[in-house]
2 protein chains.
Amino acid sequence: MFRCFACGICLHAPAIISPTTPKPLQSLRRGRCSHMSTIVEVAKRAGVSVGTVSNVLSGNPSVGRELRERVEAAIRALDYHPNEIARSLKVKQTYMLGMVLPDITNPFFPDIMRGAEEKALQRRYLLVTANTDEQIEREQSILAALRSRRVDGILLACAPGKDSGHIRRVVEAGIPVVCLDRAAVGIKLDSVLLDNVRGGQDCVRHLLRVGYRNIAVITGPHKLQIARERLRGYVEAHREAHLDVNRELILEGDFREESGYRIAKELLLRRVRPSAIFVCNGMMTLGVLQAFEEMGVHYPEDLGLATFDDIVGDHSFYPRLTVVAQPTYEMGAQGADLLMDRIDGKLKGKPLIVRLKPTLTVRSSTKTQNPVAVSSLRPAAL
Amino acid sequence: MFRCFACGICLHAPAIISPTTPKPLQSLRRGRCSHMSTIVEVAKRAGVSVGTVSNVLSGNPSVGRELRERVEAAIRALDYHPNEIARSLKVKQTYMLGMVLPDITNPFFPDIMRGAEEKALQRRYLLVTANTDEQIEREQSILAALRSRRVDGILLACAPGKDSGHIRRVVEAGIPVVCLDRAAVGIKLDSVLLDNVRGGQDCVRHLLRVGYRNIAVITGPHKLQIARERLRGYVEAHREAHLDVNRELILEGDFREESGYRIAKELLLRRVRPSAIFVCNGMMTLGVLQAFEEMGVHYPEDLGLATFDDIVGDHSFYPRLTVVAQPTYEMGAQGADLLMDRIDGKLKGKPLIVRLKPTLTVRSSTKTQNPVAVSSLRPAAL
DNA sequence: TTGGCTATTTGAATCGTTTCATCACGTGTG
DNA sequence: CACACGTGATGAAACGATTCAAATAGCCAA
């Protein structure tokens, strides 16, 4: 028994400092010491072999009643928590899932996270979530970090970018990857996606039906397939109504608030204003609303407004927004299950693509039947 | 060279299946095979010893130019990513931080997360975030999971509950814990907290100053110290104005939306309505707004409204909310730095408590100088 | 040529588990 | 009584890295 060099308080059990193990001094000298008891100490205390302790831990029924009880007592006495790191090294499974999200401040993603975490914990996996801020370089370094940590699989909502080399390399290294919300470009992978075309189409069809024309659309970054799909929905809705689309009314944003703000302002300053705006995600809509407010624009009187994502929910807006809601929790949950099935080998063969259905909820931001054109604007709130 | 039993495609390098290593068949038989190259393979390919490869990886300058280059070439050729799990086992450090949050859907917490993650990545740590949904049992099991994974430290925003036994045990096991936003009950720990009393006091002082009386307060769960502190701010503000507080106007919520909704409805149905409501967090405010809308209540005309947290931000509300804003990003960032300093031993001695200052932002939800009493309600929107 | 010294390089031991071949110990059978 | 057999229990090897004492190589001086 020696007093710990680092903390000066604890006693090291023989298993930590003993004739056969002079090396641990290395880590102690660094000033780290956590006193975690090991399986060897448990075995020693219970007077059994390590193999037996391991068998008790894993619920192997071949352990006799007497020994089992002694081992359990020792575990409790030492407050033993198995070292999952060592276990991972041996069995080559970490029971960790990586989750890479582009914008954690977009409420869409925490919802996905909850769904995924719920499922993961049910199956004993731990979810490691990281945020890329829509930057592909960060996505690269996060993926590298997760890979070094040997996560068993990765849930990925890609940052925009045409180069998927870093993703491809992860996949080729044999790490299962499931795409969430946004598919990786140029790689066929298991995915849980929204039917974005349909979402855009439903929404714009509604706008057209209630009488809007000259509908502007603020899209996501064209590099992102989901952005292009939502735009396609917009185009399809026009096509089926036998209406031409005006390219001037298609504006590219980047799914972040500021771009919504900027583009809305631009739109509102045009000589010919659109009668309605369809915004392709919720964050940009926050920016649009900000612009509306600053310019004293009111909906639905002055302009119709509809958007992807129900991030502000049913709350507090008056009039409320007409939205295309995505089943976010579901998306996370299904993604996680898909990934774990792939890891466990329950799923074989070709990549599976799950398409979830969006829900159009019509609220009062598009209520009017005969939208007014430009006029009737109150002065800006300064 | 053998074809892999699991995937049937890859060839196993000698280091994986060889005369001296018959055992890997174990894991292959399970159907897992990830082909990750190891330091041994790199060494073999470069014609050097494993020690040399290790030295190259860690940037040890004692490696000669020639060997260094050969090793680097081999690393690139094999797409070698060091196994951080094995490394962790040896050096007894995982470079992972746990982060335990009570409600990831409250935008307050993703903001904290961003701050913490930013700092963590700067110092090569990976942040593992988990959500407890305000349930103490989940907090327990998450802590156990993090402990088994041997995270180097934990950032904790506690779930409400009087029992901190599970937290104490983690601390006693020698794992550094830093409390964020909410302190653990009955344990002195490093913490980054808000000056909640001041936040409540500033806000209610403002309400009183502009003329509100009979101000109702919707608090958080009394089990939580921050909830009691905010309430204390309310009481202090009254005391300094020489006003009595009416216990009937103190209502206990649970920091979640539904409770705000429920309590606001209750308040609005009273024979004597308060003239203003001070809500102790942002999620509950969403509920309150919902109730207002359903009952056709308008602020500031019918009722003044002020709240902790700026979760809806400057956006979209008209009139906008008077809020006590918390420096969320900062909170996460400082918490992470504090934790890592403690881990690295840069910080010695007593627990450190950092108190951040809230900012009162007065907007139009409390604008009126002489609030109207009950009357003048428009009919509910159905 | 040899010895001494430094600068590199090596490789065995170790971290805390799991796994499985082997062993010990009764027990029942021929 | 000898033997086979089954049930538990054991413990050594292995996972992939780091570390450091020891070996080696290179170089210069004697």
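So you know, we letter chains A, B, ... as the sequences are listed, proteins then strands, and number each from 1. All figures in this text were calculated on a predicted structure; none of them were measured in a lab.
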Problem set entry | Shortest non-hydrogen contact from N131(B) toward I142(B) | O-CD1, 4.4 Å
Problem set entry | Separation of atom CZ in R87(A) from atom C1' in dA17(D), rounded to whole Å | 19 Å
Problem set entry | Side chain to side chain, D152(B) and Y125(B), heavy atoms closer than 4.5 Å | yes
For this session: Determine the minimum heavy-atom distance between R342(B) and G349(B), stating which atoms define it.
Result: NH1-O, 3.1 Å
Exercise. Do I343(A) and L97(A) come within less than 4.5 Å of each other through their side chains, counting heavy atoms only?
Worked result: yes
For this session: Could you please name the option among dT18(C), dC15(C), dC15(D) that lies closest to any side-chain atom of K92(A)?
Result: dC15(D)
For this session: Could you go through the side chain to side chain contact (heavy atoms under 4.5 Å, CB included) check for T129(B) and V100(B) one step at a time?
Result: CA-CA 6 Å; T129(B) 308; V100(B) 183; over 6 Å; no
For this session: Take atom CG of L57(B) and atom P of dA17(D), then tell me their distance rounded to the nearest Å.
Result: 8 Å
Exercise. Does the side chain of N60(A) come under 3.5 Å of the side chain of S62(A) through a donor N or O and an acceptor N or O?
Worked result: yes
Seminar exercise, completed: E41(A) CD to dG16(C) P, in whole Å, measures 8 Å
Problem set entry | Under-3.5 Å donor-acceptor pair between K90(A) side chain and dT18(C) base | yes
Exercise. Could you state the CZ-P distance from R149(A) to dA17(D), rounded to the nearest angstrom?
Worked result: 14 Å
For this session: Whole angstrom is fine here: how far is it from CD in Q93(A) over to P in dT19(C)?
Result: 11 Å
For this session: Give a yes or no on whether R169(A) atom CZ has more than 12 heavy-atom contacts from other residues, nucleotides or ligands under 6.0 Å away.
Result: no
For this session: Taking the side chain as every heavy atom from C-beta outward, state whether L101(B) and T132(B) have any atom pair closer than 4.5 Å.
Result: no
Problem set entry | Y95(A) OH to dT17(C) C1', straight-line distance once rounded to whole Å | 15 Å
For this session: State, to 0.1 Å, how close H81(A) and R150(B) come at their nearest heavy-atom pair, and which atoms those are.
Result: O-NH2, 2.9 Å
Problem set entry | nucleotides 7-12 of chain D: protein proximity per nucleotide (B base, S sugar-phosphate only, - neither; heavy atom, under 4.0 Å) | -SSBB-
Exercise. Over how many whole Å does the gap from R70(B) atom CZ to dT8(C) atom P extend?
Worked result: 15 Å
Exercise. Of the nucleotides dT19(C), dG16(C), dA17(D), which has the atom closest to the L89(A) side chain?
Worked result: dG16(C)
Exercise. In residues 75-85 of chain B, which ones come under 4.0 Å of DNA chain D, going by heavy atoms?
Worked result: Y80(B), P82(B), N83(B)
